[in-house]
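Proteins come first, then strands; the chains are lettered A, B, ... in the order of their sequence lines, and each starts at number 1. Keep in mind it's a predicted model, so treat the numbers as computed, not measured.
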Amino acid sequence: MKKDSELLNDLNESQREAVLYNEGPSLVIAGAGSGKTRVLTYKVAWLIQQGLPPESILSLTFTNKAAREMRERIASMVGWFVARRIFMGTFHSVFGRFLRTHAALIGFTPDFTIYDTTDSKSLMKSIIKDAGLDEKQYKTTTVLNRISSAKNHLIAARVYVNDENIMRADREQQMPMLGELYMRYADRCKMSNAMDFDDMLLFTNILFRDHPDVLQQYQDFFQYILVDEYQDTNFAQYLIIKKLAENHHRLCVVGDDAQSIYSFRGANIDNILGFQKQYPECRLFKLEQNYRSTQTIVNAANSLIGKNHGQIRKHVFSENEKGEKIEVKGVYSDMEEGFSVANDIRSLHRKDSYEDIAILYRTNAQSRVIEDAMRKSAIPYRIYGGLSFYQRREIKDAICYLRLVLNTNDEEALKRVINVPTRGIGETTLRKLLDSAHLHGVSVWEVLHDPISFNLNVHSGTSRRLAEFASIIESHRQHLTDRDAYTLAKEIIQSSGLLREAREDESAEGKSREENLEELLNAIHDFSDSRYEETGETVLLKDFMAEVSLQTDQDQKEDDAQTEKVTLMTVHAAKGLEFKHVFIVGMEEELFPSNLSRTEREIEEERRLFYVALTRAKQTCHISHARSRFRNGQTNLCTPSRFLSDIDLTYLDIEDSNLFRDPSGGAETYEDEWLRERQTFGGAVFRREHPEVLGSHISTSEKKDLRHLKKIPTTSAPERRTEAPNGMRIGSVVEHANFGKGIVEDLTTLGNDWRATVRFEHVGVKNLLLKFAKLTILKP
DNA sequence: TCTTCATAGTTTTTT
DNA sequence: ACTATGAAGA
């Protein structure tokens with residue numbers, strides 16, 4: 001264990017002050033890259049050194065990953081044995097544990113299911129249908145968002161329908177039935193012994209409100225509370241913290257109002273802005289020195305965020321080297337953007353590892369083009385977000401089997417797997433089951449389990465199949481406590497027929513499904529192993545299931561770490577991370593800021609999001625925007641993002657679009673890419689309809705050099721030639737640095753550019769632009 | 001009554 | 001590209 005003095009020597013003045021003040025509430029405003037995690041970890045280590053028992057420290061983070069990393073860092077200071085005891089995790093994982101402990105007090109059993117967004121959607125959809133409402137008028141996502149927002153404000157269903165103002169507002173929104181839907185949703189969740197993410201926070205509050213003894217138990221237990229990313233907390237979370245810290249006020253919240261990017265999820269920036277009012281005796285610490293990025297990046301980010309209003313005043317600065325300007329590049333299309341990034345990554349890779357590089361985008365949908373370019377350029381990458389492992393169909397199916405065995409009332413799980421793999425229980429039968437259950441006010445399982453009592457009207461064959469299904473599930477239930485998680489899960493998945501079905505499917509897809517199922521079992525095995533080491537007790541299925549629903553893609557274990565990879569993720573997912581080199585792609589209006597963000601408040605949040613993106617970069621930052629982008633099934637014209645003009649021009653290096661640059665020194669299908677772009681973008685029909693495509697309306701903007709894009713070159717057909725200016729002819733033998741030797745099969749010109757088609761000995765035919773490809777003529 | 005095949009409509013960000 | 005519905009076959 002480090003000595004006190006050593007511990008403090010690693011900190012700068014303001015960091016040290018923040019670490020040392022623990023007598024009352026404190027607010028630490030931590031600019032990007034200012035060593036926020038350092039303060040948090042040192043503070044915890046310090047508290048422990050001062051004699052506070054580790055388990056009396058509650059440390060709340062935003063992601064599981066953040067919690068894990070923090071625990072590791074603390075462990076390196078105070079040792080694993082001690083670090084393990086700290087209460088550290090996300091709101092959902094920590095309070096999920098409490099909720100299971102006290103489940104009976106709030107009308108659940110300890111094995112309640114956590115519904116993910118897919119489950120919630122599916123449930124709400126069926127509720128809307130059952131209610132006979134128009135699905136156009138009541139869109140599931142809209143309804144769920146509204147309910148989510150209510151829950152975040154601790155408005156339970158019964159309160160909701162009794163609130164005159166809310167009901168009037170709903171009527172004005174043409175959705176008078178919202179309250180009714182909320183009621184039904186809550187009832188169905190309860191009947192299923194299930195909660196969604198928002199419920200977990202809501203019920204924690206209900207638990208604390210209705211059971212002061214329980215609250216007091218935790219108030220006494222936790223002597224110090226730390227909250228990371230405080231700017232992203234919502235009202236429900238705010239209140240939980242407030243209650244827990246009520247008696248002693250030993251509370252430290254850390255955050256950066258400039259990085260508040262989750263208001264769509266109910267995060268309320270006022271929590272952090274109002275903290276000082278809430279605790280007048282609070283001490284404020286500002287961490288303003290950025291240790292992460294170059295001066296250029298910090299200053300550029302400052303100039304950007306300065307365009308927002310209502311922030312806590314602070315001056316983030318860097319004493320690192322000045323660094324390179326931020327490169328802003330306009331490219332022709334989303335595809336070219338991918339190749340342009342790939343190209344730049346190649347040159348960075350001469351010096352730096354792929355691990356030092358990240359590509360950030362606003363929406364997950366943008367990843368595909370980028371992935372494409374990476375694959376074609378043979379750049380290894382790792383992608384976060386999008387479909388996570390646990391969202392894949394076969395995995396979700398398998399998990400639902402496990403869920404059902406653990407909690408037979410789980411209606412969504414039952415609906416999902418009752419006919420997967422197909423066992424002759426179709427829609428009609430399911431309909432009858434559901435109707436009967438809802439009519440009698442019982443769970444679907446009860447009807448399924450005892451169809452005769454509920455007069456379920458099905459054929460004898462169907463009846464037999466239902467009984468068969470029920471008995472499969474039932475047979476595993478007796479082993480919930482006497483088999484370990486892995487063994488039981490394996491048995492369940494085997495008996496489900498999912499594995500058999502995947503094996504019988506000879507296609508590549510079937511193969512991968514089989515592998516994924518194996519992978520799931522491996523994950524359960526790994527989990528059991530490490531959990532067993534910690535506790536020394538048999539790890540049960542419920543232990544695994546309690547964690548798995550709170551696992552997100554961010555938390556996935558590092559894959560084969562031996563190959564270095566470029567990281568691809570959304571800006572949201574990148575929060576808290578840093579990379580030597582950052583590429584921000586798709587910096588266009590309608591995309592970043594999103595077309596869905598219209599109000600000033602929303603735009604400011606998008607601006608903060610861009611701020612987060614910029615400040616991920618340690619050394620260099622590369623921004624690109626495309627002229628045309630394929631989105632929602634069509635090609636759109638795009639203009640550069642307004643945020644680009646928010647950055648002080650002195651920090652930017654604006655490059656013109658460099659069309660038709662050979663993207664990778666000869667990517668395999670460059671010709672195809674090129675041709676496709678011609679068709680969708682440069683085609684005559686398109687140009688006739690949109691003469692302004694050539695850029696006239698764009699160049700009128702104030703920042704000409706920023707907004708101006710190179711004219712789209714003429715689309716004259718390639719002309720065939722026999723000899724290039726450098727002496728290359730058809731039939732010449734050439735050599736390429738990457739592809740080796742080859743024979744020139746064709747030579748063409750395109751405007752001023754020369755292009756050669758070369759058949760290489762080993763890698764086949766490539767189309768190369770002579771301007772860029774490094775070809776040596778071996779034999780003319 | 002169930003399954004399979006074809007066609008149409010979709011996409012912000014996430015614990 | 002990916003799901004969600006609908007129609008026809010079994």
[X] atom [atom1]: more than 12 heavy-atom contacts under 6.0 Å:
X      : atom1 : value
A:K243 : NZ    : yes
A:K432 : NZ    : yes
A:E427 : CD    : no

Grab the [atom1]-[atom2] distance between [X] and [N] for me, whole Å please.
X      : N      : atom1 : atom2 : result
A:L430 : B:dC2  : CG    : P     : 10 Å
A:K139 : B:dG9  : NZ    : P     : 13 Å
A:D334 : C:dA1  : CG    : P     : 15 Å
A:N64  : B:dT15 : CG    : P     : 8 Å
A:F610 : B:dT13 : CZ    : P     : 19 Å
A:R423 : B:dT3  : CZ    : C1'   : 15 Å
A:Q231 : B:dT13 : CD    : C1'   : 15 Å
A:K396 : C:dC2  : NZ    : P     : 18 Å

Problem set entry | Side-chain N or O of A:N419 closer than 4.0 Å to phosphate OP1/OP2 of B:dT3 |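 Looking at the OP1 and OP2 atoms of B:dT3, one of them is under 4.0 Å from a side-chain N or O of A:N419.
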For this session: Tell me whether the OP1 or OP2 atom of B:dT14 has a side-chain N or O from A:N364 closer than 4.0 Å.
Result: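 So the side-chain polar atoms of A:N364 do come within 4.0 Å of the phosphate oxygens OP1 or OP2 of B:dT14, strictly under.
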Among the nucleotides [options], which one has an atom lying closest to any side-chain atom of [X]?
X      : options               : value
A:S594 : B:dT14, B:dT3, B:dT12 : B:dT12
A:E135 : B:dT14, B:dT12, C:dT5 : C:dT5
A:T428 : B:dT12, B:dT13, B:dT1 : B:dT1

Exercise. Is there side-chain contact between A:L498 and A:P421, with at least one heavy-atom pair below 4.5 Å?
Worked result: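 Yes; the side chains approach each other to less than 4.5 Å.
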Seminar exercise, completed: Expected list for residues 90-98 of chain A near DNA chain B, using heavy atoms below 4.0 Å, is A:T90, A:H92
Problem set entry | Closest-nucleotide 5' rank along DNA chain B - winner of A:T462 and A:R265 |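 Looking at DNA chain B, the more 5' nearest nucleotide goes with A:T462.
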For this session: Nearest-nucleotide wise, let me know which of A:H572 and A:R465 is further upstream toward the 5' end of DNA chain B.
Result: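 The answer here is A:R465.
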Taking any heavy-atom pair under 4.0 Å as a contact, classify [X]: base, sugar-phosphate, or nothing.
X      : result
A:R631 : nothing
A:T429 : sugar-phosphate
A:D116 : nothing
A:K125 : sugar-phosphate

Exercise. Less than 6.0 Å separating the ring centroids of A:Y115 and A:F197?
Worked result: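 A:Y115 vs A:F197: aromatic centres not under 6.0 Å.
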For this session: Assert yes or no for the condition that the ring centre distance of A:Y262 to A:H572 is strictly below 6.0 Å.
Result: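 Yes, they do, as the ring centres are separated by less than 6.0 Å.
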Exercise. Where is the tightest heavy-atom contact between A:R416 and A:V420, given as atom of each residue plus distance?
Worked result: O-CG2, 3.2 Å
Exercise. When the ring planes of A:F98 and A:Y218 are compared, do they come out parallel, tilted or perpendicular, using 30° and 60° as the limits?
Worked result: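 Parallel.
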Exercise. Using the rule for Phe, Tyr, His and the six-membered ring of Trp, do A:F264 and B:dT14 stack at under 5.5 Å and under 30°?
Worked result: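 Ring-base stacking flag not set for A:F264 and B:dT14.
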Problem set entry | Dot-bracket encoding per residue of DNA chain C, Watson-Crick/G-U cut-off under 3.5 Å, | denoting interstrand | .|||||||||
For this session: Show your reasoning for whether side chain to side chain donor-acceptor pair (under 3.5 Å) applies to A:N308 and A:R607.
Result: CA-CA 8 Å; A:N308 272 9; A:R607 193 177 277 114; 2.7 Å; yes
Exercise. Which one of A:R629, A:H625, A:R642, A:R627 satisfies the side-chain hydrogen bond (donor to acceptor under 3.5 Å, both in side chains) criterion with A:E588?
Worked result: A:R629
